[in-house]
Number of protein chains: 2
Amino acid sequence: MVTLYDVAREAGVSTATVSRVIHGQDRVRDATRLRVNEVIERLGYVPDGAAQSLSRRRKEVIGFVCVESRARQYEVENMNLLYYDEVMRGVGAGVSDSGWSLLITYLNGENGQNFARLRNLSGKVDGMLIGHAVVPSSLLARLTERVPVVVIAGAPGETTVDVVTADNRSGSAALVAHLIEVHGRRRFYHVDGPAHLADLRERRLGLERVISAHPGCRVIGSYVGELSVQSGVEAGESLLASHGTSLPDAVVAANDQMAIGVLRALSEAGVGVPDDVALVGFDDIYPGCLSDPPLTTVHQPMRRLGERACIRLMDRMIRPGLRPRAEVLPVELVLRSSCGCPPGTAMRLPVKPVRGSRFGSTKSGAADPGKPNGAAGSACAAGPRRGSRSRPTETIES
Amino acid sequence: MVTLYDVAREAGVSTATVSRVIHGQDRVRDATRLRVNEVIERLGYVPDGAAQSLSRRRKEVIGFVCVESRARQYEVENMNLLYYDEVMRGVGAGVSDSGWSLLITYLNGENGQNFARLRNLSGKVDGMLIGHAVVPSSLLARLTERVPVVVIAGAPGETTVDVVTADNRSGSAALVAHLIEVHGRRRFYHVDGPAHLADLRERRLGLERVISAHPGCRVIGSYVGELSVQSGVEAGESLLASHGTSLPDAVVAANDQMAIGVLRALSEAGVGVPDDVALVGFDDIYPGCLSDPPLTTVHQPMRRLGERACIRLMDRMIRPGLRPRAEVLPVELVLRSSCGCPPGTAMRLPVKPVRGSRFGSTKSGAADPGKPNGAAGSACAAGPRRGSRSRPTETIES
DNA sequence: ATGAAAGCGCTAACAT
DNA sequence: ATGTTAGCGCTTTCAT
């Protein structure tokens with residue numbers, strides 16, 4: 001292996017000088033610089049990362065922890081795992097802009113060795129990015145003692161750790177407001193997921209707030225599923241069983257998989273979507289744009305989530321003193337036709353944050369929670385009304 | 001930061017002893033071990049990765065190089081980028097089994113700094129995994145001088161570097177044999193891609209071999225596209241223009257995107273698939289299973305590709321003497337209905353390697369290239385004939 | 001503008 | 001069974 005010493009000797013200078021040349025520092029005579037560079041090139045010298053890290057007391061590596069999935073590729077159920085890949089791309093972009101590296105660790109769900117692995121990881125990185133719920137918060141706390149940690153897609157209320165997440169609450173609110181204000185829906189059925197999940201809690205809150213702000217609107221029933229297509233089917237069946245005689249006019253599902261399941265159950269029973277019942281999901285998984293009717297849903301900026309998380313982590317590494325903040329990124333309303341918009345509709349509308357959906361964030365656009373997204377609400381039916389400034393929309397599917 | 005010295009001092013032993021305890025080595029009295037472990041726990045000591053790497057002269061990190069994609073998520077055109085994520089999962093699994101880590105680098109296509117970045121990366125890892133065509137082979141060669149490199153999905157003929165790739169040739173052969181033997185197709189139209197891509201070369205070869213082994217079958221025309229849906233549409237239009245009066249009875253596309261494009265063009269023109277013209281793709285991207293008719297294609301074992309590449313790399317790092325080999329992994333024929341199989345067909349059949357498709361691999365099943373996949377060929381129509389041992393098939397889409 | 005030298009935290013001979 | 005110590009390859013003061 002060619003070392004700095006080899007280069008120094010060969011070029012007839014000291015290691016300090018070689019180091020200076022490598023890092024493009026000043027105080028090196030041009031002639032010297034040239035000579036050193038020539039030797040570096042000739043010898044094919046590449047600095048040893050470990051030695052650099054040790055000497056600088058900084059590894060310039062950040063760790064990214066994901067959940068391992070042995071699931072079959074493209075299983076609808078696991079579509080949202082794909083989001084991790086997207087988040088990772090964002091992180092990758094953020095990281096490499098600064099010349100740092102990204103160290104990946106896949107954790108397998110149940111494993112008791114996970115903490116040992118994370119602990120160990122903490123000795124190899126300067127900071128870590130962890131997906132929400134990937135690591136129990138008890139372990140999180142212990143990790144935080146060692147290295148800065150930023151949680152991605154966690155609960156915005158978290159106080160002990162930095163969080164970068166999407167505005168689930170406003171997304172959900174926008175969806176419901178759209179159903180009410182544009183499509184005149186009043187009687188809602190809520191297909192919810194496990195109670196403890198932070199993002200679902202936000203979505204639930206968004207739904208409830210908008211409903212209660214609209215007199216005459218109400219939730220006539222709900223079902224707690226497990227986020228799978230199958231459990232969506234069951235939700236649909238349960239809905240038909242208990243409300244078959246007086247159907248709701250809209251179903252709001254906690255995620256796209258369940259919405260797809262509901263759609264199946266309703267179609268099976270001959271209930272028309274959106275004519276009899278409007279239906280919306282959440283997440284914007286790929287199959288949603290291919291269902292019949294295509295699914296109206298909310299899209300989270302996964303890539304930006306990764307980028308921001310990365311920037312936040314860097315920031316924290318520079319200033320460890322900062323107290324933990326949550327950063328809530330805006331989502332997009334994805335209008336297709338399951339909500340009642342005309343067939344062929346395909347637009348994305350930025351969702352403005354409703355009050356209370358952002359924590360610690362500065363310029364929150366704080367709209368009235370009752371009418372969370374006037375622009376988005378109106379855009380579909382017949383173009384923007386009242387000259388509202390809905391931004392130009394774009395088509396999604398290619 | 002808590003160091004080994006802190007632990008040693010606190011426990012009243014030498015650093016060597018602490019190191020022994022950490023690595024679970026023998027020759028430590030139980031009492032000592034206990035005491036040291038207690039101190040480690042109490043102080044929250046975690047070994048510094050950089051120092052370990054430097055001292056051991058081994059980083060226990062392998063680098064994975066992918067292409068950066070700024071493309072919109074879920075753009076059909078970029079669906080195969082998703083495969084990288086899948087390969088990466090495989091690599092992740094392989095790597096963590098051995099306690100090593102995975103360092104990711106995203107490269108952006110055109111960038112001239114890429115070599116500098118890779119070179120630099122080589123100072124941080126013990127070996128690298130690179131996707132085929134991600135790095136020009138001139139650079140590859142220079143990289144190989146520094147660290148062991150394994151190329152994923154490259155050309156099996158490569159001589160200077162290890163390659164782990166999928167059996168494109170046999171996959172293509174199986175596809176064509178299926179069209180001929182099961183569906184009686186004779187007149188083929190070939191929608192090819194750029195000539196220089198190694199995997200496409202293999203696919204072309206598979207096609208040609210099977211055709212020429214079947215008297216009466218021939219390629220009546222071809223089109224060289226660029227692997228995009230759009231270029232598939234153009235291929236379809238070109239096909240209609242030049243062969244509109246006497247259509248081929250099968251179209252073989254170099255990838256799924258182009259097959260989807262062809263499907264669009266043909267549908268547009270009122271040509272029925274598969275009744276008028278059978279159509280097959282390659283890659284098994286997700287939208288293929290949702291097209292109408294669903295697309296018959298070939299699936300590559302991306303995850304295993306990653307796992308094997310990883311194992312191969314480890315192997316090479318242990319024994320640098322080995323001369324480069326190619327490892328060709330078997331693919332699966334994915335039968336849906338665009339080939340002429342009945343609507344609702346959804347099965348995957350292992351593809352046995354045809355002669356010449358494997359290089360340096362040991363037990364190649366070397367079937368007659370003329371009838372590359374008897375079992376697969378017959379399975380669709382009415383189940384296996386002649387008691388052939390086609391393995392049990394499974395349904396794909398959930 | 002350049003050099004000398006003291007670490008960075010750990011491992012692994014080698015010694016006891 | 002345990003301790004001593006010489007590196008690993010680089011960065012970075014502090015001299016010159």
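Just so it is clear: chains get the letters A, B, ... in the order the sequence lines come, proteins before strands, and each one is counted from 1. Given the structure is predicted, the values throughout are model-derived calculations rather than measurements.
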Who pairs with [X] by side-chain contact (heavy atoms from CB on, under 4.5 Å), at least two apart in sequence or on another chain?
{"X": "A:T105", "answer": "A:L107, A:R117, A:L121"}
{"X": "B:P47", "answer": "B:Y45, B:Q52"}
{"X": "A:R33", "answer": "A:V21, A:V28, A:D30, A:N37"}

Salt bridge (charged side-chain N to carboxylate O under 4.0 Å, His left out) partners for [X], two or more places apart:
{"X": "A:R146", "result": "none"}
{"X": "A:R57", "result": "none"}
{"X": "A:R89", "result": "B:D85"}

Sugar-phosphate only, base, or nothing, as touched by B:R27 at under 4.0 Å among non-hydrogen atoms: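 Contact class for B:R27: base.
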
Sugar-phosphate, base or nothing in reach of A:G12, heavy atoms under 4.0 Å: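 It contacts sugar-phosphate atoms only.
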
Closest non-hydrogen atom pair, A:I152 against A:V87: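 Shortest heavy-atom contact: CD1-CG1, 3.8 Å.
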
Nucleotide range of DNA chain C lying under 4.0 Å from chain A heavy atoms: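 Endpoints of the contacted stretch of DNA chain C: C:dA1 to C:dG9.
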
Sequence neighbours excluded, every pair satisfying salt bridge (Lys or Arg N to Asp or Glu O under 4.0 Å) that has a member inside residues 120-143 of chain A: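 Every salt bridge (Lys or Arg N to Asp or Glu O under 4.0 Å) pair that includes a residue of residues 120-143 of chain A, provided the two are not neighbours, is A:R142-B:E41.
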
Any pair counted as salt bridge (Lys or Arg N to Asp or Glu O under 4.0 Å), so long as it reaches residues 42-51 of chain A, sequence neighbours left out: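 Salt bridge (Lys or Arg N to Asp or Glu O under 4.0 Å) check on residues 42-51 of chain A returns A:E10-A:R42, A:E38-A:R42, A:D48-B:K59.
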
Terminal axis angle for the helix from C:dA1-D:dT16 to C:dT16-D:dA1, five pairs an end, nearest 10 degrees: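 Rounded value for the end-axis angle: 30°.
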
Under 4.0 Å protein heavy-atom contacts per nucleotide of nucleotides 9-16 of chain D, with B for base, S for backbone only and - for none: BBBBB---

Of all pairs that satisfy side chain to side chain donor-acceptor pair (under 3.5 Å), the ones with a partner from residues 315-324 of chain A, not counting sequence neighbours: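 Pairs touching residues 315-324 of chain A that pass the test: A:D162-A:R316, A:D315-A:R319.
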
